[in-house]
Amino acid sequence: MMNTINEMWTSHRTQISFTIMTAILLFVGFNQSWVLALGIFNLSVISSIMALGVNIQWGYAGLFNVGIMGFAALGGLSVVLISQQPVTDAIEAGGFNMLIALMLGVITVVVGVVLHNKKFNKWVVFASIFLGFFAMRYFFADASSAIEKVNPAGTGYLGGLGLPVLLSWVVGGFAAAGVAWGVGKITLGLRSDYLAIATLGISEIIIYVIKNEDWLSRGVKNVTGLPRPVPYELELQKTPWFQDWAHYFDVGLGEFSTLFVKLCYAGIFVSILIGLIIMANLALDSPWGRKVRAIRDNEVSAAAMGKNITRQHLQIFVIGSAIVGLAGAMLVTYNGLLNPTSYQPLRFTFLIWVMVIVGGSGNNLGSVIGAFIIWFLWIQAGPMGLWIAEVISNFAGEQSSIALFIEDRVHHLRLVFMGAIMLMVMRFTPGGILPEKNKEL
Amino acid sequence: GSLQGYTGPLESLIGDIHDGTVLAASEANASGQYAHGTINVPEGDSKCIDADAAIAEAERLINDGVIGLVGPNCSGVTTAVINNVTAANGVVNISPSATSPALSTIEDNGFFFRTAPSDARQGQVLAAIAMGRGITSVAVTYTNNDYGKGLADAFVGSYEALGGTVTVNSGHEEGKADYSADVASLSAGGSSVLAVFGYADGGALSLTTASVDTGAFDSYIFADGMIGSGPALGGLDGLSGSWGTAPGGSTAAASWASVTAAAGITPGPYSGEAYDAMALIILASQASTDRGDIQAAMMAIGNAPGVSISAGQIGFGLHLLSEGIEIDYDGATGVEFNDVGEVKGSFLEYDVVGTAWSSIKTHR
Amino acid sequence: MITIKNLAKHFGGIRAVDGVDLHIERGSITGLVGPNGAGKTTLFNLIAGLYQPTAGEIILDGEDVTGLLSHQLFHKGVLRTFQIAHEFPTLSVLENLMMVPAGQLGESLINTWLKRKEIQEEEKELQKKAEEVIDFLSISHLKNERAGNLSGGQKKLIELARTMMVDAKVVLLDEVGAGVNRTLLRQIGDAILRLNEERGYTFCMIEHDMDFISRLCNPVVVLAEGQILTTGTPDEIKSSHAVIDAYLGQGIKTKESA
Amino acid sequence: MAYLEGNSLVAAYGPVPILHECSVSVEKGELAVIVGPNGAGKSTAMKVLLGMLNPSSGSVVFDGQDITHLSTQERISLGLAFVPQTNNVFTSMTVHENLEMGGFLRDDDISHTIQEVYDLFPILFEKRKQNAGELSGGQRQQVAFGRAMMTQPTVMLLDEPTAGVSPIVMDEIFSNILDLKNSGRAVLMVEQNAQQALNIADKGFVLVSGRNEHSGTGKELIADPEVRKKFLGG
Amino acid sequence: MVSESVDILNAFALLTNFIIVPAIAYGSQLALGALAVTLIYSIFRLSNFAQGDSMAFGTVMVILILALFQSDWANANFGAILPPYEFLSFVPTALYALPFAIGFTAIYLLVMDRLVYQHYRRIKAKAINMCMASMGVMFVTGGLVRIINGPERMTFDDGARFLFSVRDFKEFTGLTQGIAIKTSQFLTVTVAILLVAFLFYFLNKTKTGKSMRAYSDNEDLALLSGIDPAKVARTTWLIVAAFTAIAGTLYGLDKGFLPFQYHQLLLPIFASVIVGGIGSPMGAIVGAFVVSFSELLLTYAYKKFLIFLLPGYVPDSLVQLIGVEYKYAISFVILVVVLLIRPTGIFKGKVV
Ligand SMILES: Nc1ncnc2c1ncn2[C@@H]1O[C@H](COP(=O)(O)OP(=O)(O)OP(=O)(O)O)[C@@H](O)[C@H]1O
Ligand SMILES: Nc1ncnc2c1ncn2[C@@H]1O[C@H](COP(=O)(O)OP(=O)(O)OP(=O)(O)O)[C@@H](O)[C@H]1O
Ligand SMILES: [Mg+2]
Ligand SMILES: [Mg+2]
């Protein structure tokens with residue numbers, strides 16, 4: 001009996017695990033609520049995309065990127081910069097100076113690089129950068145304080161370009177890719193853990209910039225009310241055809257509108273996810289994928305076989321980061337707000353890593369299932385902890401000291417819970433739930 | 001429902017807030033006056049800084065059938081929850097501790113309330129007191145989130161307008177391992193007074209401790225987040241001459257003190273606000289548990305005219321309501337809403353005497 | 001073909017290669033022998049671009065290639081094997097070989113989405129070629145095995161097999177024979193001779209098996225302590241006293257017999 | 001019953017067995033050599049004898065005691081020593097520390113044995129403070145051999161100890177192996193330098209695809225034309 | 001003339017008080033945690049994400065033991081030694097509880113090893129899998145810490161707080177700028193020096209230490225040399241437990257105990273380990289100081305210092321290289337720069 005189950009599992013891992021996950025979500029839908037189930041589903045899909053980006057970097061190329069948070073935040077920032085309406089007052093107050101400052105910044109960098117490449121004395125290079133920096137600083141300080149003074153409680157930043165929000169997702173991907181390119185150029189010579197701490201550092205730097213450069217991102221004061229690619233609940237509730245539908249399905253108007261909006265998002269997210277997975281799988285299952293895996297296996301030997309390791313790593317780093325950036329933009333759009341304080345390594349970097357590993361690194365579908373499981377736990381560990389507390393207090397009596405103690409600490413039980421389940425999943429599926437075929441454990 | 005940041009950076013403040021909500025609910029239950037049976041308060045964890053988790057939890061609570069939400073605590077996720085969940089679903093959402101000025105103007109469809117006053121007001125009060133005390137130059141450190149930044153903006157704005165100088169104005173991150181760099185650069189500005197806008201057991205405390213240890217400043221100005229129950233900043237000595245403000249000072253405060261004393265708990269920051277938030281939802285749902293009706297009733301119950309109800313009188317209030325008599329809930333903090341559903345709030349000025357807080361004056 | 005001038009590589013105080021001048025003739029099979037730690041592998045690593053020399057220069061077909069990286073040297077036609085096998089453990093034996101040829105259409109990411117057809121054709125060709133090589137080394141039963149699961153000797157065969165996947169100007173073989181069964185090694189020797197004669201490959205090989213060296217190589221270069229001790233035909237080398245003392249020895253002696 | 005023997009061993013890494021009823025044995029004061037094509041299962045047989053891979057059937061007997069179910073560690077403490085074919089030195093430790101680790105289980109003074117190893121391989125003395133990972137291939141083999149000697153085992157198992165070493169060192173290693181055997185220990189060795197090895201061996205096993213194809217004294221095997229042609233390269 | 005030299009003294013007193021003393025203390029605190037991380041890494045190839053929370057666990061054990069002897073648990077102040085034992089209070093009381101806390105921490109870590117890590121070692125899992133498992137342990141440990149002791153802040157009543165305070169210093173020297181050194185700072189530095197010396201000696205000179213290195217280098221070969229993996233694991237966790245509990249307690253003495261803050265210690269600790277060169281005890285220490293000094297030196301506003309140093313000159317800005325908001329960002333920039341110059345850390349660490 002055990003054996004047949006085992007065999008079934010080994011031969012049909014993918015089908016079985018996706019079926020189980022669907023069943024769990026359906027269960028949530030029927031027993032708790034469909035809004036919740038869909039909410040979990042949507043976030044899981046976004047996380048899947050992020051995990052996919054990481055999987056491409058780690059699973060394909062062994063690049064240990066612990067800066068996921070930074071790239072996701074760049075995606076988020078792009079949403080603000082592209083799709084928010086411009087704040088005309090602020091632009092009048094400091095937009096011009098800011099433009100000059102930014103241009104000076106760019107010129108300084110370009111001049112620095114050119115001088116360096118032309119092998120000028122390093123002091124000359126240094127002096128020119130120094131001068132450029134102070135010139136920039138001069139305009140910059142004026143501009144930023146002028147911008148931030150414009151209605152600080154309401155705006156206090158430049159706003160965005162007012163373009164369609166879907167465009168901002170693409171831009172988010174490109175922004176992350178651009179930064180990844182620069183970062184990769186500098187740090188990809190580093191190995192494993194050293195690369196990890198470098199990327200971690202860079203992601204922190206990105207977050208600090210977003211948090212502290214108020215003129216750009218409103219800093220910690222958050223940007224809210226971001227535009228959506230789907231209709232607003234409150235407007236839906238007012239349209240007659242929608243009311244008819246709600247009536248037809250016999251669902252409360254509020255709930256139905258929420259469901260509807262979430263379904264629209266789900267449609268967009270899932271199509272993006274499927275598109276990415278198809279592309280990723282095609283690539284992996286080709287000479288390109290073979291080259292990439294060979295490099296991961298043994299760099300010295302791959303170099304001796306004529307493969308340019310650095311270039312390959314850079315390509316993969318950029319692509320993976322772009323996907324993370326895209327997911328970051330999707331997330332911010334979905335939440336309707338950019339909240340820089342919420343970018344915490346635990347949530348945006350390590351949680352995603354756990355998804356990749358639990359799902360099975362190197363396997364794209366693995367990242368998806370990993371994302372679903374871990375996100376589900378992240379959300380449902382709390383209720384599970386509460387439920388356990390309830391069981392205990394039923395068992396030991398409502399007022400017993402142990403029940404009171406647990407009751408008091410129940411919210412910390414979720415941490416224990418989350419950890420324990422994670423450990424269990426990893427323990428019983430070494431190599432992940434859907435391991436890469438032919439993979440070393 | 002109660003949606004609080006049980007885990008995450010504010011976890012250590014939540015105990016008091018949680019106590020406040022529980023107190024109000026059990027008081028109502030004990031009175032037996034509630035028209036719809038016993039009140040159950042399902043809990044959700046907003047994690048304070050994880051908007052996605054907070055939204056999911058809010059959705060879960062709402063689908064569990066809560067009639068209103070107390071929480072969340074942190075302004076960022078509060079915004080997320082209002083935008084994505086409560087306004088859309090038409091659920092009253094009343095935060096006991098989100099004080100960001102930005103929340104005043106949020107498009108909430110009228111469903112968002114708060115029992116903590118906006119920081120814009122506290123900034124003005126602090127600035128006025130500081131000038132009144134003859135302090136003409138300060139350094140400012142704020143916890144780098146929308147609460148701290150908003151408060152610092154408000155304070156610096158009014159203080160400079162009154163003619164004061166701010167030598168250094170910088171933020172500090174929560175939960176970091178070491179704050180001596182912050183202290184060093186703050187002290188280098190040359191001013192002898194430091195204004196601390198942060199959390200009493202967060203980074204601000206570490207920062208203040210480090211500052212006191214190195215003798216960087218002579219005295220300190222504290223905002224509400226730093227002023228709690230018990231000895232000032234965990235009994236740190238070397239704070240004498242320092243002062244601060246926190247919401248309070250209403251006539252209602254005495255009733256709250258006796259309620260907490262009776263329940264045997266020590267009130268902490270925002271616990272009164274939490275009590276009021278819960279009480280308001282309970283009272284507003286006495287007539288009908290329809291979520292829309294609750295919203296409609298909130299303003300009437302919170303504001304005059306009506307029989308004044310203070311902390312410990314929830315049962316009485318419920319009774320009056322079921323008799324059809326109008327009430328004006330004042331509760332623990334003297335609740336009075338303005339037209340966007342925020343309390344106007346009054347502030348108490350505290351002095352540090354030895355290692356204890358001593359309240360000296362009310363500012364309205 | 002390859003001319004090495006005064007090449008040196010120092011690791012801290014250790015002079016692994018210490019001023020070597022060497023000329024590898026086009027179309028020759030040059031043998032490189034010498035005691036353990038003489039610097040043979042280090043010399044290969046320098047020629048193949050894995051290490052950067054401390055001093056000296058390397059000239060390939062009249063072009064200065066000192067300081068180029070290994071992947072660049074591959075494209076210039078320098079191929080090498082590793083003394084300690086460097087297989088790609090998670091790739092199958094077939095894939096280990098198919099990844100070698102440069103400039104494959106399917107190695108470009110965009111093509112993997114747009115030119116599926118052409119890539120498939122190309123793959124067929126490659127696979128055919130790889131299978132021929134595998135057949136020749138009599139490991140065709142292993143073609144779908146993960147290279148990481150191979151035995152020690154089989155891994156060495158993969159090293160050799162990879163060099164047979166492309167047309168190289170010069171192939172550097174670092175002890176392909178160590179750990180390989182002697183009967184098979186004989187066949188490998190035949191293949192090397194054939195590649196050399198029929199396709200004009202240039203070989204340079206490190207080996208400790210003097211029979212193997214004598215059968216294939218001319219000239220033989222003896223390296224000791226980072227410097228060239230002598231150069232000559234195999235017979236000259238075998239009879240040189242200096243070489244016997246430093247490298248070949250006098251045969252087995254035991255305490256009792258001594 | 002031989003001093004150390006593996007009887008009808010069947011073993012596998014995955015679903016497919018590598019060893020099929022393979023048997024090898026060695027007596028005290030005897031040198032036995034295993035030869036065979038690449039991938040025949042020689043190293044696998046050694047691993048089974050050492051307990052690094054569990055056989056699905058068959059037994060390992062040492063000094064009259066069935067040790068099939070003992071762990072590697074327990075077998076080592078019984079007096080078995082092994083030089084693996086690959087990964088046989090501690091790369092991040094110095095040569096000297098490598099030798100010290102060889103003598104880990106001994107409580108007596110090991111400096112004397114270390115000196116013996118240095119006398120045998122003078123190059124190691126020169127390199128004693130260098131990390132083993134920085135050594136050349138042949139130097140590593142010498143460290144590996146020296147490490148095993150440090151344990152002063154009663155049975156020495158060697159997997160291709162001479163791969164990659166120069167002729168002069170190969171002679172040293174072989175003569176040392178003869179010394180070991182003459183001092184009453186049992187030596188079981190896998191070799192691809194089969195000619196030389198069988199020349200000095202007391203007995204030999206030819207393994208093909210995990211099966212015993214031939215066995216006999218070293219001289220007999222060398223003399224067998226089929227064995228010569230198929231496995232000894234000439 | 002006289003006043004000028006006094007001003008120079010003042011300038012340096014200022015620098016010492018605000019930069020050197022805090023940086024050394026903070027650096028030592030990081031170093032202790034970093035030593036544990038680097039040890040675990042070099043033996044098990046495990047980047048232990050649970051380190052911060054394990055330190056919290058060790059500290060909670062100290063708190064529990066102290067609480068056993070005091071009724072005042074709820075009131076958050078520990079360690080006031082009651083008469084007639086007040087003569088013991090020349091060092092913080094927490095130190096008396098420390099040995100027992102180390103014991104409990106060791107038990108906890110060994111249990112976790114048995115339940116979690118042992119399995120991964122047996123199946124020879126890749127380093128990353130173990131690293132993820134440690135993240136699971138991190139969650140569990142963090143949860144346990146909060147369940148046992150709640151998430152609130154606690155401060156130790158740590159005996160004599162100051163070796164000498166700012167006022168003492170000013171009175172003694174007559175300078176206008178004071179220097180304060182806390183007992184806990186002094187303790188931390190001393191202990192850090194002792195422990196790194198111990199670890200260095202242990203790993204490089206003792207047989208057990210060498211066998212641990214051998215095990216981390218090549219597990220199979222270690223087995224073949226007769227090294228007992230179980231014993232290596234045990235010894236490692238014992239040492240780690242000692243380091244962890246000591247590090248946690250000393251940090252708590254200086255800066256108070258707050259679970260969230262301990263959890264956040266992870267990042268600077270890892271940064272220290274890696275900048276120093278992962279796997280190298282010396283590197284852990286040096287890395288920790290690089291991190292702490294870079295935070296302080298680069299964000300310090302030198303205005304006051306310059307006023308003392310160059311009499312008559314009053315800079316009109318703060319003379320600050322970069323705003324203190326960016327101090328963590330800056331310390332990471334330093335890390336990246338160090339790594340670019342020395343890609344495997346200052347002390348040439350391991351690379352997997
Ligand atoms: N990375 C390194 N660091 C320090 N010393 C090294 C390093 N690599 C090699 N050496 C030293 O350089 C010398 C030459 O090594 P090399 O590997 O070139 O020898 P070899 O001639 O190939 O020997 P073998 O026949 O044993 O393979 C040896 O003494 C070795 O210890
Ligand atoms: N870890 C492993 N997993 C799976 N298969 C393996 C593993 N190790 C070896 N094999 C297979 O077992 C067979 C025998 O391997 P073994 O190493 O015993 O050969 P060998 O006789 O020692 O060969 P060589 O002379 O080349 O060292 C080979 O075909 C190899 O592919
Ligand atoms: Mg070599
Ligand atoms: Mg073998």
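So that the names make sense, note that chain A is the first sequence line, chain B the second, and so on, each numbered from 1.
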[X] versus chain E, heavy atoms under 4.5 Å apart: side chain, backbone, both or neither?
| X | answer |
| --- | --- |
| B:N144 | neither |
| B:T141 | neither |
| B:A216 | both |

[X] side, atom [atom1]; [Y] side, atom [atom2] - distance, nearest 0.5 Å:
| X | Y | atom1 | atom2 | value |
| --- | --- | --- | --- | --- |
| E:Y300 | B:S187 | OH | OG | 5.0 Å |
| E:D254 | B:D213 | CG | CG | 7.5 Å |
| B:S180 | E:E295 | OG | CD | 8.0 Å |

Exercise. Look only at the side chain of E:Q264 and the backbone of B:K176, and say whether a donor-acceptor pair between them is shorter than 3.5 Å.
Key: no

Quiz item: Checking heavy atoms, do the side chain of E:Y251, its backbone, both or neither come under 4.5 Å from chain B?
Solution: side chain

Quiz item: Looking at residues at least two apart in the chain, or sitting in another chain, which of them share a salt bridge (charged side-chain N to carboxylate O under 4.0 Å, His left out) with B:D182?
Solution: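 E:K327.
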
Practice problem: May I ask you to test the E:K255-B:D178 pair for a side-chain heavy-atom distance under 4.5 Å? | Solution: yes

Self-check item: Contacts of E:Y26 that satisfy ring pair (Phe, Tyr, Trp, His ring centres under 6.0 Å) - sequence neighbours left out
Solution: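 Per chain and number, E:Y26 pairs via ring pair (Phe, Tyr, Trp, His ring centres under 6.0 Å) with no residue.
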
Quiz prompt | Taking every non-hydrogen atom, the tightest pair across B:T214 and E:N17 | solution =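 For B:T214 versus E:N17, the nearest heavy atoms are O-ND2, 3.0 Å.
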
